[in-house]
Number of protein chains: 2
Amino acid sequence: MTIRVLIADDHAVVRQGLKMFLSLNSDFEIIGEATNGAEALRLAHQLNPDVVLMDLLMPEMDGITATAAIRRELPDTEVIALTSVLEDKSVTGAIRAGAIGYLLKDTESDELIRAIKAAANGQVQLSPKAAARLMREIRTPESPEALTERETEVLRLLAQGKANKEIAAELVIGEKTVKTHVSNILSKLNVSSRTQAALYAVRIGLVEELGEQ
Amino acid sequence: MTIRVLIADDHAVVRQGLKMFLSLNSDFEIIGEATNGAEALRLAHQLNPDVVLMDLLMPEMDGITATAAIRRELPDTEVIALTSVLEDKSVTGAIRAGAIGYLLKDTESDELIRAIKAAANGQVQLSPKAAARLMREIRTPESPEALTERETEVLRLLAQGKANKEIAAELVIGEKTVKTHVSNILSKLNVSSRTQAALYAVRIGLVEELGEQ
DNA sequence: CTCTTTCTCAGACTTTTGGCGGATGTGGCA
DNA sequence: TGCCACATCCGCCAAAAGTCTGAGAAAGAG
């Protein structure tokens, strides 16, 4: 019985490479390709694949959102997150969204094949680096407390390099209030300056890494 | 006459995908694969390829450094930068290093093939997005002045969220001196706070995006 | 040997940031 | 109804950040 695989990646070369890898093994059948999260979700509904290889960085709908949707709507389809970069928010985000595996694109073909087979059987498969990252996150007691909605809003502006006064103007509240929020943010994130908070925000992907055009 | 291509990318899937694309066209011959910049440089010397497809983000030696070295030592070999992300420093850095092309990995196969053929003939080929970015950089007058060595060092520490006092301790200089440097940095980068300077540093890749382990 | 750049530091000063305590109003929830 | 989390704001204060002016030492360029 072959494993029916859906590939979701916006990079043509990556799709081609994955197809190449998987076509060498008759256990797999590539039943579709998507170039963004929305398309992946639609194709998953249509084709009902066993495994989706999901890139996390895609236009239209990001891979994490798509993963969550697929897992919610198609419980029999397993998702493996496949990404080139290892970011804090990616690993935990993908896991939280229901991905059964997390692989880096520098994974060698045999490891990839093992991972997909494991996923098809519902077994968890993480790349060593992703596993290390996860361990670190779980191990570390410095897990930041959850921010409130307003605090997140303030952090987002702060991470754009704005001063308290500017943030106050933008949110139409007093500067003192902003300072209170910033103080609470620093304490919750366990950092000691707005710069560190801004760097944290960038790291977890709160602010987009500078849009195109 | 076939075009002899060397592929340099640390991701196995990407290498496979590129091979797949190029093998469909008899004009190309893939004569080697490298998984990092140092290996790319060594293989380029050994194999003397017409075109190198160079990923910019690689371990050992980054693609820009490798590109500069190849262009310096092997003037007949053209380099096409190939990357998944579009960053400020990448485009100008790659061009400055001597890359004749800059392509994103979401490039379709026919465009890729056209680009390699153009490169083999010494013709410049940029992906539309990269071209747009270049235009913007040239057009914008807000090009930051070059920092001195010391200032760069200070900026690197600053972008790790460190306070002036900590930076002073680490560089074994007075806090006043650090303040002077920071002031000069802010003025040169045309920003108004250390947080903005830190964000700039992250954006241009001055600080590694948080090392593993 | 000048001239320039860079790195270093100082004093004086303003602005910004961040901490601490206290206060009010709102809305959900037991 | 009382309790609690949240958002809003105040004042006070200390520390950090940032500006301006000036200036000495070392190194490299012309």
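Just so we're clear, the structure is a prediction, and the values are computed from it rather than from any experiment. Quick note on labels: first sequence line is chain A, next is B, and so on, each numbered from 1.
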- Item | Whole-Å gap separating C1' (D:dG24) and NZ (B:Lys176) | 16 Å
- Message: From NZ of B:Lys188 over to P of C:dT5, roughly how many Å is that when rounded to an integer?
- Response: 11 Å
- Message: Measure CG/B:Leu155 against P/C:dC7 and give the value in whole Å, please.
- Response: 13 Å
- Query: B:Thr180 has a side chain; which of D:dA7, C:dC9, C:dT6 sits nearest to it?
  - Reply: C:dC9
- Task: Measure the distance from CD1 on B:Ile167 to P on C:dC7 and round it to the nearest whole Å.
- Result: 15 Å
- According to a strict under-4.0 Å criterion, is B:Asn164 in side-chain N/O contact with OP1 or OP2 of D:dA16? no
- Task: Would you indicate, yes or no, if D:dA16 has its OP1 or OP2 atom less than 4.0 angstrom from a side-chain nitrogen or oxygen of B:Lys165?
- Result: yes
- Atom CG of A:Leu186 and atom C1' of D:dA16 are separated, to the nearest Å, by 13 Å
- For a salt bridge (Lys or Arg N to Asp or Glu O under 4.0 Å) with B:Lys162, tell me which candidate from B:Glu170, B:Glu153, B:Glu175 qualifies. B:Glu170
- Message: Please tell me if B:His181 has a side-chain N or O lying less than 4.0 Å from either OP1 or OP2 of C:dC7.
- Response: no
- Nearest listed nucleotide, side chain of A:Arg150, among D:dG18, D:dA7, C:dT6: D:dA7
- Query: With no hydrogens and no angle check, is any side-chain donor or acceptor of B:Arg15 less than 3.5 Å from a backbone partner on B:Ile7?
  - Reply: no
- Hey, is the main chain of B:Ala66 close enough, under 3.5 Å, to the side chain of B:Arg71 for a donor-acceptor pair? no
- Query: Do the side-chain N or O atoms of B:Thr177 get closer than 4.0 angstrom to the phosphate oxygens (OP1, OP2) of C:dC7?
  - Reply: no
- Query: Between the side chain of B:Gln16 and the main-chain N/O of B:Ala12, is any donor-acceptor distance below 3.5 Å?
  - Reply: no
Between protein and nucleotides 28-30 of chain D, what N or O pairs are separated by less than 3.5 Å?
none

- Message: I'd like to know if the side chain of A:Gln196 reaches the main chain of A:Ser192, judged simply by a donor and an acceptor atom lying under 3.5 Å from each other, with no hydrogens or angles considered.
- Response: yes
- N/O (side chain, A:Ser193) to phosphate O (OP1/OP2, D:dA16) under 4.0 Å: no
- Message: For a quick check, tell me whether the side chain of B:Lys179 and the base of D:dA17 share a donor-acceptor pair closer than 3.5 Å.
- Response: yes
- Here the distance between atom C1' of C:dT6 and atom CD of B:Glu151, to the nearest Å, is 8 Å
- Rounded distance (Å) that lies between atom C1' of D:dA5 and atom CD of A:Glu149: 14 Å
- Query: Can you check whether B:Ser183 has a side-chain N or O nearer than 4.0 Å to OP1 or OP2 of D:dG18?
  - Reply: no
- Item | Side chain B:Asp10, main chain B:Asn36, donor-acceptor under 3.5 Å | no
- Query: Atom CG of B:Asn184 and atom P of C:dT8: how far apart are they, to the nearest Å?
  - Reply: 12 Å
- Message: We want to know whether B:Arg194 and B:Asn164 form a side-chain donor-acceptor pair, criterion being a heavy-atom distance below 3.5 angstrom.
- Response: yes
